[in-house]
Amino acid sequence: MTTETVGDEPVTERTLPPWWVVLLVGLAVAAVAFSIGRFSTFGIAGSTPAEGSADAGFARDMQMHHAQAVDMAMAIYAETDDDELRALSYDIATGQSSQRGEMLDWLVRWGLPQYSDSPMAWMAASGSGHAHGGAAGEPQTDEQIREAMGMASEEELTELRAATGTSADCQFLSLMIRHHEGAIPMAEAVLELGSDERVKTVAETMKKGQTFEIQAMTSMQQRLGCS
């Protein structure tokens, strides 16, 4: 609050405290970003992906993939004493949570179910090198699907949650590097096979971001002396 004099009369002018200014600016920026995201999703007439499309398959499978990454990131965020790893795990958890929400929204707007009975089948025509079926063309088991995606097993997740100190840090880094290495071919596949421009934009961002994070995590492994 400030006071100025106009003629002989003091006039009181109210001003917002600095933290309110920051909050209002932040809300405005968030609203603009939300609007841009919504319009970019709607902006391509006649491009709604159909059931069985690479776009739909990517949205479903990557939601599942991201869910485990968020789980692992929050586990190490609560455990680690390493500031660099704590910051990275926070970025992974918040970033991938946001992407999951957007992919869920795509499927809602396309009028498609959130789940499929044939995970990874959409990648069959890509040059990603991922396996898409069991022996003699049999459907993949859940374990095979997780392995193809670079995801951690239940046993590995249990070990991570039980670990402490540098051991926990190193286990997380190993699992998350493999996890990211499984996501990148999925992003490359939808860039090759997909038709929706918003999906391709997110996939390209994901590919670049996770490639950078692999490099950062590899550097952390060296710094921490992980075997």
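Model, not experiment: these values are computed from the prediction. Start at 1 with the first residue, then count along the sequence.
- Between atom CE of residue Met72 and atom CG of residue Leu175 there is a gap of 5.5 Å, rounded to the nearest 0.5 Å.
- Under the 4.5 Å side-chain criterion, counting only non-hydrogen atoms from C-beta, Arg198 is in contact with Glu102.
- Taking the charged nitrogens against the carboxylate oxygens, Arg223 and Glu84 do have a contact shorter than 4.0 Å, which makes a salt bridge.
- Not a single donor-acceptor pair under 3.5 Å links the side chain of Asp55 to the backbone N or O of Pro49.
- With hydrophobic clusters built from ILVMFWY side chains whose heavy atoms lie under 4.5 angstrom apart, Ile177 does not share a cluster with Val70.
- For the residue pair Cys226 and Leu173, the shortest heavy atom distance occurs at SG-CD1, 4.4 Å.
- In this structure, Gln221 places its CD atom where more than 12 heavy-atom neighbours from other residues, nucleotides or ligands lie under 6.0 Å away.
- Side-chain atoms of Glu204 do not come within 3.5 Å of backbone N or O of Thr201 as any donor-acceptor pair.
- The 12-atom threshold is exceeded at CD of Glu51, counting heavy atoms of other residues, nucleotides or ligands nearer than 6.0 Å.
- A continuous path of Ile, Leu, Val, Met, Phe, Trp and Tyr side chains, each step under 4.5 Å between heavy atoms, connects Met74 with Tyr90, placing both in one hydrophobic cluster.
- Met120 and Met64 fall within the same hydrophobic cluster, defined by Ile, Leu, Val, Met, Phe, Trp and Tyr side-chain heavy atoms under 4.5 Å apart, directly or through other members.
- The minimum heavy-atom distance between Ala152 and Gln68, with the atom names listed, is N-OE1, 2.8 Å.
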- [ ] Decide salt bridge (charged side-chain N to carboxylate O under 4.0 Å, His left out) for Arg161 and Glu156; before the verdict, give the C-alpha distance in whole Å, the side-chain angles of both, and the deciding distance to 0.1 Å.
- [x] CA-CA 9 Å; Arg161 295 186 187 107; Glu156 288 172 326; over 6 Å; no
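- Here the shortest heavy-atom pairing between Ala56 and Ala50 reads CB-O, 4.0 Å.
- Looking at Lys200, its side chain does come within 3.5 Å of a backbone N or O of Gly194 through a donor-acceptor pair.
- A salt bridge between Arg109 and Asp105 is present, with a side-chain N of the basic residue lying under 4.0 Å from a carboxylate O of the acidic one.
- Distance CG/Leu160 to CE/Met176: 8.5 Å, rounded to 0.5 Å.
- Between Ala183 and Met62 the shortest heavy-atom distance is O-CE, 3.8 Å.
- Trp106 contributes atom CH2, which lies 13.0 Å from atom CG of Leu112 (distance to the nearest 0.5 angstrom).
- In this structure, the separation between CG on Leu224 and OG on Ser167 is 11.5 Å, given to the nearest 0.5 Å.
- A distance-only check finds no donor-acceptor pair linking the side chain of Ser174 to the backbone of Cys170 [under 3.5 Å].
- Shortest non-hydrogen contact noted between Asp196 and Val199 is OD1-N, 3.0 Å.
- Atom NE2 of His179 is separated from atom CD1 of Ile214 by 11.5 Å, given to the nearest 0.5 angstrom.
- With a 4.5 Å cut-off on side-chain heavy atoms, Met220 and Asp169 do not count as touching.
- Residues Met206 and Met149 share a single hydrophobic cluster, defined by chaining ILVMFWY side chains whose heavy atoms lie under 4.5 Å apart.
- One finds the CD atom of Gln96 at 12.0 Å from the CD atom of Gln63 (value rounded to the nearest 0.5 Å).
- Formation of a donor-acceptor pair under 3.5 Å by the Ser118 side chain with backbone atoms of Ala121 is not found in this model.
- Side chain of Arg86 to main chain of Asp81: no donor-acceptor pair is present (N/O by atom type, distance under 3.5 Å, no hydrogens or angles).
- Contact annotation: the side chain of Val108 approaches that of Gln114 to within less than 4.5 Å [non-hydrogen atoms, C-beta and beyond].
- With hydrogens and angles disregarded, no donor-acceptor distance shorter than 3.5 Å links the side chain of Ser98 to the backbone of Gly95.
- The aromatic rings of Trp122 and Phe58 lie perpendicular to each other, with more than 60° between the two planes, well past the 30° mark.
- No continuous path of hydrophobic side-chain contacts links Met123 to Leu193 [ILVMFWY only; heavy atoms under 4.5 Å].
- Just one of Glu213, Glu181, Glu188 meets the salt bridge (charged side-chain N to carboxylate O under 4.0 Å, His left out) condition when paired with Lys207; it is Glu188.
- Looking at Ile92 and Tyr77, their side chains never come closer than 4.5 Å, going by heavy atoms from C-beta outward.
- Annotation for Asp71: atom CG counts as buried by contact number, over 12 foreign heavy atoms lying within 6.0 Å.
- In this structure, the side chain of Arg146 does not engage the main chain of Ser153 through any donor-acceptor pair within 3.5 Å.
- Shortest non-hydrogen contact noted between Ala168 and Ile76 is O-CD1, 3.6 Å.
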